Protein chains: 2
Amino acid sequence: MPSRLIVSRELADLLKLLAHADRLRLIEELRLGEKDVTSLAIALQLPATRVSQHLALLRAHRLVEERRDGRSHFYRLAHAHLADWILDALPFVDIRKRLGEADHIDTALALWGVPDPNSTH
Amino acid sequence: MPSRLIVSRELADLLKLLAHADRLRLIEELRLGEKDVTSLAIALQLPATRVSQHLALLRAHRLVEERRDGRSHFYRLAHAHLADWILDALPFVDIRKRLGEADHIDTALALWGVPDPNSTH
DNA sequence: TGCAAGTCTGCGACAATTTGCAGGCTTTGG
DNA sequence: CCAAAGCCTGCAAATTGTCGCAGACTTGCA
């Protein structure tokens with residue numbers, strides 16, 4: 001019954017794909033909608049070549065989808081909730097890195113334009 | 001304002017830590033409660049040394065906590081919802097790997113003893 | 001047609017991770 | 001005290017991932 005092994009391998013592949021600061025920022029950057037490679041490169045202050053390489057990886061695993069318009073290639077998230085799911089991991093980040101700031105998580109969420117859940121009910 | 005960069009790096013570190021099939025299986029194995037190293041090694045069919053090395057990593061990032069009783073070292077999840085959050089990622093796994101099985105996700109969940117959410121309401 | 005903008009892919013050097021093995025530490029039982 | 005059980009750490013080889021650069025491809029425009 002190696003099914004659990006197979007599933008854990010697939011999950012590990014997915015997490016490996018996401019385990020890179022630039023790719024995480026790309027995904028969060030696409031939270032609000034599609035963007036082209038140049039815009040993403042400017043927003044993240046990265047060379048367009050590297051952005052393209054990251055997007056190629058995300059695309060190979062079907063996490064983003066591509067649309068071409070003229071010379072530009074626009075990318076969007078294939079799963080609308082992927083960016084949310086990633087931010088759900090913030091509580092698991094080592095507490096020692098969040099020192100001195102009890103509302104660090106909310107601050108981080110606000111940085112990505114996520115409304116504070118504590119103020120919505 | 002490099003805060004977003006810092007947060008993305010912390011998240012990437014966390015994901016990197018989780019991006020290993022053995023460590024994922026360890027975490028899922030601890031879902032139901034604490035276990036000692038030998039039990040984990042037997043359950044996962046891995047050499048105890050490797051299990052210990054994986055646990056050391058998870059421990060360094062405060063994802064698991066250790067309790068010593070005699071010669072045995074028992075480990076438990078530091079965050080009760082970590083295992084759940086990981087399984088929430090199953091919908092993002094490349095659809096091509098889930099061929100021919102529409103309820104593959106539920107099957108995977110059942111493999112780890114998670115009750116089917118579709119049958120609870 | 002020619003050229004530039006925008007993006008992609010291949011390749012090589014460099015960096016990080018994984019894994020088995022050897023040895024060490026602590027506890028239990030005699 | 002001594003030996004074995006249970007676990008941990010350090011180290012080196014092998015594997016894997018990253019990143020910059022060079023070159024290619026397509027599209028828009030003159």
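Every chain is numbered from 1, with letters handed out A, B, ... down the list of sequences. Treat the numbers as computed from the prediction; the structure is a model and nothing was measured.
- At C/dT19, one or more side-chain N or O atoms of B/His20 fall inside 4.0 Å of OP1 or OP2 (strictly under the cut-off).
- Distance check: B/Trp112 CH2 to B/Leu90 CG gives 7.0 Å after rounding to the nearest 0.5 Å.
- Straight-line distance from the CZ atom of A/Arg68 to the C1' atom of D/dT26: 8 Å, rounded to whole Å.
- Checking B/Ala56 against A/Asp69, the closest nucleotide of DNA chain D that is more toward the 5' end is the one next to B/Ala56.
- Phosphate proximity of D/dT18 to A/Arg23: present, with a side-chain N or O under 4.0 Å from OP1 or OP2.
- OP1 or OP2 of C/dG20 has at least one side-chain nitrogen or oxygen of B/Arg50 nearer than 4.0 Å.
- Residue B/Arg67 contributes atom CZ, which lies 20 Å from atom P of C/dT26 at whole-angstrom precision.
- Distances were taken from every side-chain heavy atom of A/Thr49 (C-beta onward) to each of C/dT9, C/dA22, C/dT19; the shortest belongs to C/dT9.
- In this structure, B/Leu17 atom CG and C/dT17 atom P are separated by 10 Å, rounded to whole Å.
- Atom NZ of B/Lys16 and atom C1' of D/dT16 are 13 Å apart (whole Å).
- Comparing D/dG28, D/dC8, C/dT28 by their nearest atom to the side chain of A/Arg71 picks out D/dG28.
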Report, one line per pair, each donor and acceptor closer than 3.5 Å where one atom sits in a side chain of residues 48-60 of chain B; sequence neighbours left out.
from	atom 1	to	atom 2	distance (Å)
B/His54	ND1	B/Arg23	NH1	3.1
B/Arg59	NH1	B/Tyr75	OH	3.3

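- One interatomic measurement links the two molecules: CG of A/Leu55 to P of D/dT18, which rounds to 14 Å at whole-angstrom precision.
- Residue B/Arg59 places at least one side-chain N or O under 4.0 Å from the OP1 or OP2 atom of D/dT9.
- The base of C/dG10 sits within donor-acceptor range of the side chain of A/Gln53, with an N or O pair under 3.5 Å.
- Counting to the nearest Å, the P atom of C/dT17 and the CG atom of B/Asp22 are 16 Å from each other.
- Under 4.0 Å is where a charged nitrogen must lie from a carboxylate oxygen, and between A/Glu28 and A/Arg31 at least one such pair does.
- Rounded to an integer number of Å, the gap from CD1 of B/Ile42 to C1' of D/dA5 is 13 Å.
- Distances shorter than 4.0 Å separate some side-chain N or O of B/Ser52 from OP1 or OP2 on D/dC8.
- Put simply, the side chain of A/His79 never gets that close to the backbone of A/His81: no donor and acceptor are under 3.5 Å apart.
- Checked against side chain to side chain donor-acceptor pair (under 3.5 Å), B/Lys16 has no partners two or more places apart in sequence or in another chain.
- Remark: P of D/dT16 and CG of A/Leu15 are 18 Å apart, rounded to the nearest angstrom.
- The B/Val37 side chain lies nearest to D/dC8 when the options are C/dG20, D/dC8, D/dC19.
- Contact annotation: B/Tyr75 does not reach the phosphate of D/dG6 (side-chain N/O to OP1 or OP2, under 4.0 Å).
- In terms of phosphate contacts, B/His73 brings no side-chain nitrogen or oxygen within less than 4.0 Å of OP1 or OP2 of D/dG6.
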